[in-house]
Amino acid sequence: MYALIDVNSFYTSCETIWRPDLLNKPVVVLSNNDGCIISRSAQAKRLGVKMGAPYFQQKALLEREGVVVFSSNYALYGDMSQRVMTTLEAMCPRVDVYSIDEAFADLSGIGDLETFGRAIRDTVYQHTRLTVGVGIAPTKTLAKLANHAAKTWTKTGGVVDLSSPLRQRKLMALLPVSEVWGVGRRLSARLNAMGIENALQLAQSDIGFIRKNFSVVLERTVRELRGESCLAFEETPATKQEIISSRSFGKKVSDYKEVREGICTWAARAAEKLRAERQYCRYVSAFVKTSPHDAHAPYYSNRAGITLSTPTHDTRDILAAAVRCLEAIWREGLHYQKAGVMLGDFFSQGVAQLNLFDPYAPKANSEALMTVMDKLNQQGKNRLWFAGQGITQAWGMKREYLSPAWTTRLSDVPVCR
DNA sequence: TCTGGGGTCCTAGGACCC
DNA sequence: TCTGGGGTCCTAGGACCC
């Protein structure tokens, strides 16, 4: 059984903890550049303030209703998130941190689930003054649904135990498909057109039909709704596969130098993140966009990427590559709204640097790897750093090329992240 | 005038090789 | 030069999440 624990109105709650005078007042938090509303207190929601809406569109409403507005403070939210997760980790045997304000917990071996859910709620509140909702169910997708119910219906006291299939069906019949985790706007529209309107109908639809008309992703969702666990519990965070650093300019920019400056700043930031991950990258790309909202000018969005011959984490290399990309996509006379840098194709430093064989040969065979492993074991060097997709990618190899024999062998080696 | 900043996964289609 | 199928690899784009 899983629990999904998530903090109510996380960003606004973080702000109001330090401002008791704002308790029970309408409060919102804005995105970078004060562009959009990304968090609302319960009172702000009640006033009809929309999630994700541009600030300038809601400004009149906010002023009229006396809503208190904060710019975002990610350092604070990160810190508060840490405290919540630490509390959860102390209470639950295994915790899968899903985002800054939510985590799945494995509840196997716990007797009274609902009582335990309340204990989580109370303890997190004592430690952080933040209120969480707890949804309990046999799969992640159902736990999400239970959590939604816990938040929507106050009489639940913020905890919903959905272990019984009967209760699962009852709840699903009440919820529109759009509330299901993994079903967004587009999918909802398509499902509705086929007569699938609530979560229960989705759960009872034919797997083959879903697979044929949609994708394996939605198939997994359907199975999860039926109580078949398809999404793995991930205690250790997966290594990143790409790093993005980007920002809106907050105004229209047409000067090449100004855009280039932005690209350089973000390239440097991306390189920092890369080093913090102890990774090296081979792929560097830059992108620019004009405003998609401007009705008078045509929309332009482009990106270009370069694959370097050697993986690097050096700011200068990454910056130079990003500027070369920018030169390829730059168009004179446009008003740019946003630009950024993306890094990918990660490698890790480690065995590859022993030069026992060409680390980037695409089809290096598993025999060679076995030799490397043996040598490492002999030398007592059993600490490796793996890349994005584990060691397969560190060597520029595909998983298919690996024999099961040495995959097993690998599991004996401690992995450092 | 002002419209976030990250991420993930999957699929289709083109290039290329045999 | 024509024809064609099968396979791999890569990229772009779509959809979703918070």
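Letters go in sequence order (proteins before strands), and every chain restarts at 1.
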What nucleotide, of [options], holds the atom closest to the side chain of [X]?
| X | options | value |
| --- | --- | --- |
| A/Asn33 | B/dT3, B/dT11, B/dG5 | B/dG5 |
| A/Ser245 | B/dG6, B/dT8, B/dG5 | B/dG6 |
| A/Arg220 | B/dG7, B/dC10, B/dG4 | B/dC10 |

- Polar contact flag, side-chain donor to acceptor under 3.5 angstrom, A/Gln82-A/Tyr77: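 No pair is found: no donor N or O on one side chain lies under 3.5 Å from an acceptor on the other.
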- Item | Residues A/Glu65, A/Arg46: salt bridge by 4.0 Å N-O rule |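 No salt bridge links A/Glu65 with A/Arg46.
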- Assign A/Lys273 to base, sugar-phosphate, or nothing according to its heavy-atom contacts below 4.0 angstrom with the strands shown.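 A/Lys273: backbone/sugar contact only, no base atoms under 4.0 Å.
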- Message: For a quick check of understanding: with a heavy-atom distance under 4.0 Å over all strands, which category does A/Gly250 fall into, base, sugar-phosphate or nothing?
- Response: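 The residue A/Gly250 makes sugar-phosphate contact but no base contact.
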Please tell me if [X] has a side-chain N or O lying less than 4.0 Å from either OP1 or OP2 of [N].
| X | N | value |
| --- | --- | --- |
| A/Ser248 | B/dG5 | yes |
| A/Gln57 | B/dC2 | no |
| A/Lys252 | B/dC2 | yes |

- Going 5' to 3' along nucleotides 13-18 of chain C, which nucleotides have protein heavy atoms under 4.0 Å from the base (write B), which only from the sugar-phosphate (write S), and which from neither (write -)? --SSSS
- Item | Inter-nucleotide C1' distance (C/dG4, B/dC16), Å rounded |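 Comparing C1' positions in C/dG4 and B/dC16 gives a spacing of 15 Å.
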